[in-house]
Each structure stands twice: as C-alpha cells, then as structure tokens.
Amino acid sequence: MEQLKTIGRELAMGSQGGFGQSKEFLDLVKSIGEARSKAEEDRIVLHEIETLKRRLSEPDIPKRKMKEYLIRLVYVEMLGHDASFAYIHAVKMTHDDNLLLKRTGYLAVTLFLSDDHDLIILIVNTIQKDLRSDNYLVVCAALNAVCKLINDETIPAVLPQVVELLGHSKEAVRKKAIMALHRFYQKCPSAVSHLLSNFRKRLCDNDPGVMGATLCPLFDLITIDVNSYKDLIVSFVSILKQVAERRLPKSYDYHSMPAPFIQIRLLKILALLGRDDKQASEKMYTVVGDIFRKCDSNSNIGNAILYESICCVSSIYPNPKLLEAAAEVISRFLKSDSHNLKYMGIDALGRLIKISPEIAEQHQLAVIDCLEDPDDTLKRKTFELLYKMTKSSNVEVIVDRMIDYMICINDNHYKTYIAGRCVELAEQFAPSNHWFIQTMNKVFEHAGDLVNVKVAHNLMRLIAEGFGEDDDTADTQLRSSAVESYLRIIGEPKLPSVFLQVICWVLGEYGIADGRHSSSYITGKLCDVAEAYSNDETVKAYAVTAIMKIYAFEISAGRKVDMLPECQSLVEELSASHSTDLQQRAYELQAVIGLDARAVESIMPSDASCEDIEVDKDLSFLDNFVAQSIERGAQPYIPENERSGMLNISTFGSQDQHEVSTHGLRFEAYELPKAPVPPRVAPTVSSTELVPVPEPSYSRETHQAAAASSVSDSGSSELKLRLDGVQKKWGRPAYSSSTPSTSNSTPQKTVNGVSQDVGSTVNSKARESYDLKKSQVEINPEKQKLAASLFGGSSKTERKPPSASHKVAKASSHATESSLVPNKAVVTTEVVSAGTNHQPPPDLLDLGEPSATSSAPFIDPFKQLEGLLDPTLVSSTTNNGASGSSNAPDIMSLYADMSTTGQSSSTGNSVSADGINAIFTSGFSTATSTDQGGVAVAQSSQLSKGPNPKDSLEKDALVRQMGVNPTSQNPNLFRDLLG
Amino acid sequence: MIRAVMVINTQGKPRLAKFYDIQAVEKQRELIRSVYGVLCSRADNVCNFIEAESFFGPDTRIVYKHFATLYFVFVFDSSENELAMLDLIQVFVETLDKCFKNVCELDMVFNYSKMHTILDEIIFGGQVLETSSTEVMKAVEEISKCSISFSLSECVCWRLPQMLYRLSRNLFRAGGVDSMEFEVIG
C-alpha cells in the first residue's frame, strides 16, 4: 500500500515536468513547510546538511543521486545555510559529459560561487571546452555560467571563444554571446574595449532577437559617450519604425504589441541621443509621434511603451506636438483607476513639468488624490513630483505636507531622505526667516538625528545674523520668537542631540536678550537639559557654555549673579569630568563669574556672535613687554629656521625654546604662563563657536575669522543659506528683479513692479477659481484650497518670466495712462499699497489662508485687466507677506493664525479624502467586479479544457498531504493568471 | 539591468532566489527577508512598485506581483521600465503555467532546477533575453528531451512508469525522435 502511494506521488510529480526529486527531498520540503518556528526550521535544515555530508562522503555515488543531492544543497543554501562543503562536487559535476548533469553542475556552481572563489579556476577549463562544443545546448549552458562566474582576471581565457560565438549559426547562441560580452563589458570595460565594434555589427543581424539583444550593450555605451554614436540615430529610428509598423514576424508580438521590449529599449536610446540636440531630435519626431498614435493603451505593455515615449519626448529637444500627445497620455494615466498607471503618470508628469510647467495645473486634483492615497509608493512618488515643482509661492504647503508625512513614517532611510528634501526646499525657497526657523524646528524635532549637522549650524547662523537687512527690530523679534519656541519645546522628552545643541546655543545667546525671561529661569532650563541628557557630552558642553554666557551678560549689565544651586552642582560635576573639554568649560565659567563687570563686558560682549574677532597673530600687544625684557638683559627671540647651530629640540616646546637652548634639559616644572594671551580672545571664541570641536584654538580662530569675514563683507547675501529665492521674496520685488543697486530705481519702476505683483495675484486667483468652477463642481473646497496653494501661481510662473514681466510692466504703465475709471482707481490703490510697502508694510501675510479674503474685493476691477495682463505670478502674495513680517510687530499672532488655519484645512482635507475615497472605492469595486468577470471567463475556459479539474484535485490532495501551503483552499492557484 | 529575481511565499519562505550581481549568502537571506517584510505590509489594491533604495542601494526598485500564495519579485535599476518588468513577471508565470499546467507553489518546490532553467531562458546575465513564453517553452523542452533519454540510459527501472508516460507524451508532441536522443542512448 505504502509503495503504491509512493508510486502515485512520483507519477504526480513526473507529470509536472521532468526534473523530479526523490521522496527524501519531498519529505524535507514537507517538514520545512510544517515547521512552526524559525528554530525548528533551522534544526531540520541542519539535520539535512548532516545527512548530505554523510552521503557525499560515501564512495561511488551514482550520478543521478549526486545530482539530487546538489539540488537539495542549493535549496538548503537558498534558505540561508552554508553548503560550502559540497561546492567541489558541484564543480566536478560540470565536467560531466551528460548535458543534464552538466547543466545541474553549472546551476549549482553559479548559485554557490562568487566570481572570485578559488574553485573558479577549476571550472574555466571546462567552460572553454564547452564553449567549443558542437551541441549548442552545451554552449548555451556554458555561456550562462560565464555571465556569473567569469571575473576580470578570467575574461581573457574565454573571450576568444565568446567572440567566435557571435557568428554562430544558431540565433539563440548569438544572442547569448552578445549578452555575455555585454556582461564582460559591465565587469571590466577595458578588457573588451577593442571589441565594442562588434555590437554595432550585430545591430545588423538578420535575426531581430539578436538585434534586440545588442540594444542593451549599446544603451550602456551610449549612456557613457553619446557623441560617438550619433551616426546610429538613423538606423535606430528606422528599426523603431519597422518594429512599430509590424514588419517583424508575428512571433515577436507580445500581447498583440510588436516586440515591445525592443521598442522600449530603442526609445530609451533615442532619449539619450536626442538630449539637447535639436538636429538629432528632429529625426525622431515622426516615429515617436507614430508610436503615440499606434500604441494600444489598454494593455499593460502598451502603456509601458507610451510611458517610455513620454520619457523620450521629455528628454529630446521639445516639440510642441509631441508634448501635447504626451500630456494627453499623462492625463489618461492619472485618470486611470490603476495605481500602477497613476504611479507612472506622476513620474511622467515630473519629467514633463520641466519642459512645460503649465500641464501640472490640469492635473492638480489628480495629484492631490495621489498625495492622499494610502499607497506609500504612490505618495512618495508624488512628493518627488512636488519637490520638482516647488516654488516660493507653494513652498509652505509642500514642506508642511512633507513634514506631516515624515512624522508618521518609521522607515529611517526615507525619513532621512525626506528630511533632507525639506531642509533643501526650506533653504532655497523660504518665504521668511521666521517660517524657516519654525520649519527647521519641526524637522529637527522629528528627524533630528538623521539631519546633517551643517543644517543646524546654518540655522544658528541665520538666527545670529538675521537676514542681513538693517532692520534690527525684525532681527530681535525673530530671535525672541525663536527663544519662545525653544522654551516651549525644551521640556519635551527625547529631543535629538543636534536640536538640543541649537536650542542651548540660542538660549545662551539670546535667552535674556529681550528681558522677557529672567536669567535664573533660562539657566534653570539649561541645567535641566544638561541633567536630562547627561550622557551626551556635546549637549552638556553647549549647555554649560550657554550658562556662562547668560551669567556674563548679567554681570556686564551690572546685575548681581546668584548661581542656582543646581547650576553650582553641575559646574562642580563637570569640573571633575573625564572630558577635558567639559572641564575647561566649567573652569571658564567659574573664572568668568569671578571677574568684574568691565572685564566681563570685554570678554563676552552681548549679542556679538557675529562680530568680527581680530586675531592678532603677531602678538603686537606684547611688543612692550618684549622690549622691556630685552632691556633687562633677556636674549632676543631667534626664529626657528635661523637657529641652525643650536640643539634641535624644536619639538619640545614652543614658547620656551630659547630657554631650552641654553639649558639643555629642564627638570623643574614649567612656570605658569604669564598670561600673555589677550583676555579678549579665548573666551570670546568659546562664546561664539558653533561646534565644540576638541581642537586647539588656532583652527577655531581661523574658522571664526572666516565666518566673521563673511559677515563683514556682505551683511546681506553672504549667508550660507541659499537665500536667493528668499531675497527676491523678501525685498521689494523691484529691487531684486531689476537692479542690485537698489535705491537708484525710479519710483515709476517700483510702482510698476508692485502693481504687477498685486495684479497678478488677483488675476491668478480669479483664473484659478474660474478653472476650478469649470472643471470640478463637486470637489471639496478644502481640496481646492490645497490645490490652489500648491499649483496656484506655480506653473505659470516659469513660463516666460522675462517677456511676461516686460509685458506686464507695459500693461500697467498703460493702465496708468488710460482714462478708464476703474483702472485708474486700481492703480491708485496699488500706488498706495506700494507706498505703504516702503514704510511699515501692511499685514498681507495671507498665504497661510488660501481663501485670501483681503484681496477678494479687488477682483472685480482686475477682471477687466485680465486680458491685458499676462499672468505672471512670480511672487504674488508671498512677497507682501514677507515684507509684512519683516517689520513684524505681531509675528507670533500671525504664526498662530497660520498654524490654526493649517490645522483646520488639514482636518478638512481628511474629510474630503474620505469623500473621495468613497467615490474611489465604488469605482474600484466596479473595476474589480469586471476583473472577476474576466477571471470567471478564464476559469470556465480552463474548466472546459479537459483533464484540469481532476489534475487540480489531485494536486490539492497532495498539497494538503504535504502541508506546504495549508492556508490555501484553492487547488488551481494560478487560475486567475490568464484572465 | 535586473538585479535579482525572487519568489517568496506568503509565509516568507523563499521558493526561488537568483541574484545577478554577487551577494554573500547571508546578505541574500537578509535581502529576501527585508523584501518580504515590505511586501507583506502592503495592501492589495495598491501599485506593484516599491522603491528599494533602502536595501538594494541607490537607483533600485522593485516590481512584484502576488499570485495566490506566492510573491514574484523583480529587482532592477532605472535602465528598465517598471510596467515592462511587470509584464516580464507575467511572461515568467505564464511560462511556468504552460510548463506545469496550472502551476502552484508545490511545482516550484519540486521542480527547483526546472524553474531555474526557465528563468535562464527569460533573463540572461541580468538582461531580458526572451519575452515570448512559446519560445521559452521550446528551449526548455529541448533541454528536457535530453533529460528523458539520459534517464532511460542511466537507469531504466527507476520510476519507469513515469518515464514511459513522459516519453510517449514527448514523442507525441515532438512528432518524432530527435537525433540527439539517439546519440545519447547509443
């Protein structure tokens, strides 16, 4: 009975293919399938390894058995266990004459060995022999092994044979030889550099398959060096044309598309060849256009080709017709229900947006849908797109979104990535320093340890230097708002180290600057930080230096300093610290407290972190002292290079060298330094340095000098941040755009500039609302707001900035002269607003609330201007908002405002998302139902095929018996495959 | 270039793993595990693509397809097209299905080397070799034919009934006996 069962099982196995295994193997798989835990599985596998080891050491193993053992070992190694004891047997098997055994040997060897394994040398000879074999199957097997096993040292051994095979009569062999050569090229380009012409030659192979195979290496070659392959453009285009026109044999069709993989490869190559080359691109336009027209957008592979065509179009010299076709395809992708197509659509949009930014606008709602999609991949792709289309006008919304997402993910790799993106965007496009600081706070708070330290230093510098304008009150305001926000945050548990350093530095520098907080309050907080993060020395160093600064400011202001008890104990603890850096800081603190107000004032002037510290490298202040000493009979200092005849112990000490030279060795202790160091230098350095690097003070000084020089020579643009965008946003628009020489700009011009801004804002709003009305009636207003804030001015901005602004300037000047009453009124209001902009700017910071009620009343008169004004939205509201906050008496309230609106809008969004989801799911369910229909059809067709139900029943029984996949009830596991 | 092909079942057990660039055994295992970790956390109605840079290094992505109890996973770089890779998975599975008739997980386990043979006819050294499942089948059949003759000459009595069955079927299909078979038997 048992035997019968076994025979039955073997029969069942055999009917599924010829490579059946023995019962032992089945039992192994079965027991692994049934293993309840990892440990149990490991035990089974280890047991199996032991068995195999024993078996392999037996003499005279039949080859069939050996083959099976090897397969079992491959399986074992796939499960992650070492099977190195059997490698030699695999190598031996490759020597066998029988094809099947040889193949098994090669399979095992390619899976076991890496290309630098010692055993490879034993195989090379076999491979050489097999490459010369008459049987093409043997040749193929050897070529297969070549790809994996040959490294740059062994390439020369097989290269001649492989090259010879390029002319083999079987196309399958030629194809594989080409690909093996390609593999050699990937591994070691220099070894095959003289053979690259072969790829060109094979491009003209009679067999389309071989031709297709040459495209892969050519693609790699062209990626590296475009220019030497420009001559092939015509051939590529004609091949693509022939393929697209179905001139290839039917057997190359896949899902009724002609040779899609060849088409894709060709489009990729054309994209490379046509980049920035108008002449080359013109040759491609027709064929790419044909593909757009002919491609079947219902099949997956058709869409793959369409996507590739979009990539090609966006890479080559732009052609309006093709761009139009591409935009059409993108909109089809984005409207599709399939997430895959949406993903491709978003990706394609990101490519096309560089050339024609206006197409983003049509798809704003689709993009927002993708952003709110639960699918992470899609969401990340959408962030990528948003990153590409970030402008000063939408940076706030985009970065807010990114931060929200960053907070809720756990994947550190991506978190680092997106935090970097946030920082980059914020540095590039920040509409205001205040916003920048808030954003950085959020990034630090949630991803602090993943952010580059440089970012923290930039932030500190920004707070210290302000934004380089003369407006001191704004700077002060900025700092006290930073202090407030840090005092709020500081109590939170587990802040990242980098962030704490920033906090400590800012609190030390500006904690009591505005007089709102007492020194004891701030120092208490700093002590808490040092205590709470007692194993982070850098933070402690920052904290103790900050405390020192606070006390120094207090003393120099003439107030009496009472050291808090916890502060006292902290200093005591640190002065006994293992870290010399901490010790030094603690001692410095104690020393500073002991000094009188005047001394402290000169050591530690308040708010002087940006002051230029002049380092007197020649120590000229000691000249008097030196002169006196010489008068009293001391020897003059002889520079090191002139001291040729003296004892050469120059490494010994530096200041005392002349004494050393007289005495030889000194055994008494060195005397204390006579305080030759200027009292100004050292402490000030420690107060202003940004990082407590444990390096000698010299490097600090240079660093400081560098920083200081950057401050001194520019005051405005030399911040390390890339503030060009900000500058434009910040200053009055006419300044930044027209002339750097600021004050010389004519009033007329200024008026134009400003009016242009305001006008365009309103204009864009009007247009937006019009667009939205037209397209989406039932879309949730919150979503529209988001769309407006994301896409609002963004896309049109870049269209033709120079010409547009020119036009606008003209238009508005025209408007000034025109006698139309409403226009005139408008212009006057503009002039007024421009005027107010000059002095205390009005509060126009309405960017946070996309509803923009303040500008709403202006819409009507501006509608008449709509025809005249080309919509340039270079800066719109942000400008005004920015200048508003630059004076900023009520910056905090503004911020509060913004944040509340932000919140409300986000909740609104979630609601709207739900709504959309509902629609979406219903749509999806219909889609799935049709899908099921398809499946059902497939099933019925399969059922009618014949022996299948019985087959599958048997299989099911077997499956249950083996317990491999106990969860599944369905015997026909891939039944839904061919639907 | 295609970096790796994996077939993992829904419980995380690898059924097939092939790396086209060299990876240490432990690293392979770790990669399989991390890929599985991502796959099993994904819902059904999301897209089939995943950014894979966090475990496969820069410029890598994953396309996967879920069939019954198995995930088919292809890892590749930007020189390939995502949708096309999705179709390549389809080609692979279609071929398996043709080869095994209603392929299921069990077939993969018991025909481990045949799986590799099929895969080698579709992807060669990390590049797409053939996308027509009929062509792939032809190539695989040709290799299998040798295996029958080998089995006959090597051991006649082992699993004889099965061999007879397969032989007759193959002869019927091929419409004659290939010269190669004579050679081997002789």
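The chains referred to below are lettered A, B, ... by the order of the sequence lines, with proteins before strands, and numbering in each begins at 1.
Smallest separation of non-hydrogen atoms from B:E51 and A:Y343: OE2-OH, 3.2 Å. Shown here for B:A84 and A:A304, the closest heavy-atom pair between the two residues is N-CB, 3.8 Å. Minimum interatomic distance between A:R183 and B:G125 (heavy atoms only, all atoms of both residues): CD-O, 3.5 Å. Across A:S251 and B:S132, no two heavy atoms sit closer than the pair O-CB, 4.1 Å.
Interface residue B:Y20: only backbone heavy atoms are found under 4.5 Å from chain A. Looking at A:V146, neither its backbone nor its side chain comes within 4.5 Å of chain B, counting heavy atoms on both sides. For a residue to count as touching a neighbouring chain, one of its non-hydrogen atoms must lie under 4.5 Å from one of that chain's; by this rule B:S78 touches chain A with the backbone only. Residue contact with chain B, scored on non-hydrogen atoms closer than 4.5 Å, involves the backbone and the side chain of A:L79 alike. In this structure, no portion of B:E30 lies under 4.5 Å from any heavy atom of chain A. Proximity to chain A (any heavy atom under 4.5 Å) is shown, for B:S79, by both the backbone and the side chain. Within the 4.5 angstrom heavy-atom criterion, only side-chain atoms of A:K381, from C-beta onward, approach chain B. Interface remark: A:S114 contributes backbone and side-chain atoms alike to the contact with chain B (heavy atom separation under 4.5 Å). Both the backbone and the side chain of B:A17 come within less than 4.5 Å of a heavy atom of chain A. Both the backbone and the side chain of A:M78 come within less than 4.5 Å of a heavy atom in chain B. For a residue to count as touching a neighbouring chain, one of its non-hydrogen atoms must lie under 4.5 Å from one of that chain's; by this rule A:L143 touches chain B with backbone and side chain alike. For A:K379, no part sits under 4.5 Å from any heavy atom of chain B, backbone or side chain. Heavy-atom distances place both the backbone and the side chain of B:T131 under 4.5 Å from chain A.
A salt bridge does not link B:R42 with A:D376: every distance from a Lys NZ or Arg NE/NH1/NH2 to an Asp or Glu carboxylate oxygen is 4.0 Å or more. Between A:K176 and B:E121, at least one side-chain N (NZ, or NE/NH1/NH2) sits under 4.0 Å from a carboxylate O, which counts as a salt bridge.
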Chi angles and distances behind the side chain to side chain contact (heavy atoms under 4.5 Å, CB included) call for A:L137, B:I143: CA-CA 7 Å; A:L137 291 173; B:I143 295 163; 3.9 Å; yes

Working for side chain to side chain donor-acceptor pair (under 3.5 Å), residues A:Y136 and B:E142: CA-CA 11 Å; A:Y136 84 97; B:E142 225 160 320; 2.7 Å; yes

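A donor-acceptor pair under 3.5 Å is formed between the side chain of A:D375 and the backbone N or O of B:C47. When atom types are taken as modelled, the side chain of A:Y254 and the backbone of B:D87 share a donor-acceptor pair closer than 3.5 angstrom. At distances below 3.5 Å, at least one donor-acceptor pair connects side-chain atoms of A:N300 with backbone N or O atoms of B:L83.
Between chain A and the options B:K13, B:K65, B:Q28, B:E135, the largest number of non-hydrogen pairs under 4.5 Å is found for B:K13. Between chain B and the residues A:N144, A:I264, A:I305, A:L113, the largest count of heavy-atom pairs under 4.5 Å involves A:N144. Counting heavy-atom pairs closer than 4.5 Å to chain A, the top-ranked of the candidates B:M1, B:E26, B:Q23 is B:M1. The candidate with the highest count of non-hydrogen atom pairs below 4.5 Å against chain B, out of A:G80, A:A172, A:P260, is A:G80. When the candidates B:N81, B:I22, B:V91, B:L88 are compared by the number of heavy-atom contacts under 4.5 Å with chain A, B:N81 comes out ahead. When the candidates A:D347, A:D115, A:L378 are compared by the number of heavy-atom contacts under 4.5 Å with chain B, A:D115 comes out ahead. Of all the listed residues (B:T134, B:I50, B:V25, B:L129), the one sharing the greatest number of non-hydrogen pairs under 4.5 Å with chain A is B:L129. Of all the listed residues (A:F261, A:Y252, A:F112), the one sharing the greatest number of non-hydrogen pairs under 4.5 Å with chain B is A:F261. Residue with the most contacts toward chain B among A:E308, A:K148, A:R103: A:R103 (heavy-atom pairs, distance under 4.5 Å). Residue with the most contacts toward chain B among A:T377, A:N303, A:D97: A:T377 (heavy-atom pairs, distance under 4.5 Å).
A distance of 10.5 Å separates CD in B:Q90 from CD1 in A:I301, rounded to the nearest 0.5 Å. Note that NE2 of A:H413 and CZ of B:F55 are 9.5 Å apart. Values are rounded to the nearest 0.5 Å. One distance of note links CG of A:L107 with NZ of B:K18; it measures 6.0 Å at 0.5 Å rounding. Interatomic distance, A:L215 CG to B:Q127 CD, rounded to the nearest 0.5 Å: 10.5 Å. Summarising the geometry, atom CD belonging to B:E130 is positioned 4.0 Å from atom NZ belonging to A:K175; distances are rounded to the nearest 0.5 Å. The CG atom of B:D120 lies 9.5 Å from the SG atom of A:C147; values are rounded to the nearest 0.5 Å.
Ring orientation note: the planes of A:Y75 and B:Y112 are nearly perpendicular, at an angle over 60° on the 30°/60° scale.
Side-chain contact between B:S54 and A:Y414 is absent, with no heavy-atom pair separated by less than 4.5 Å.
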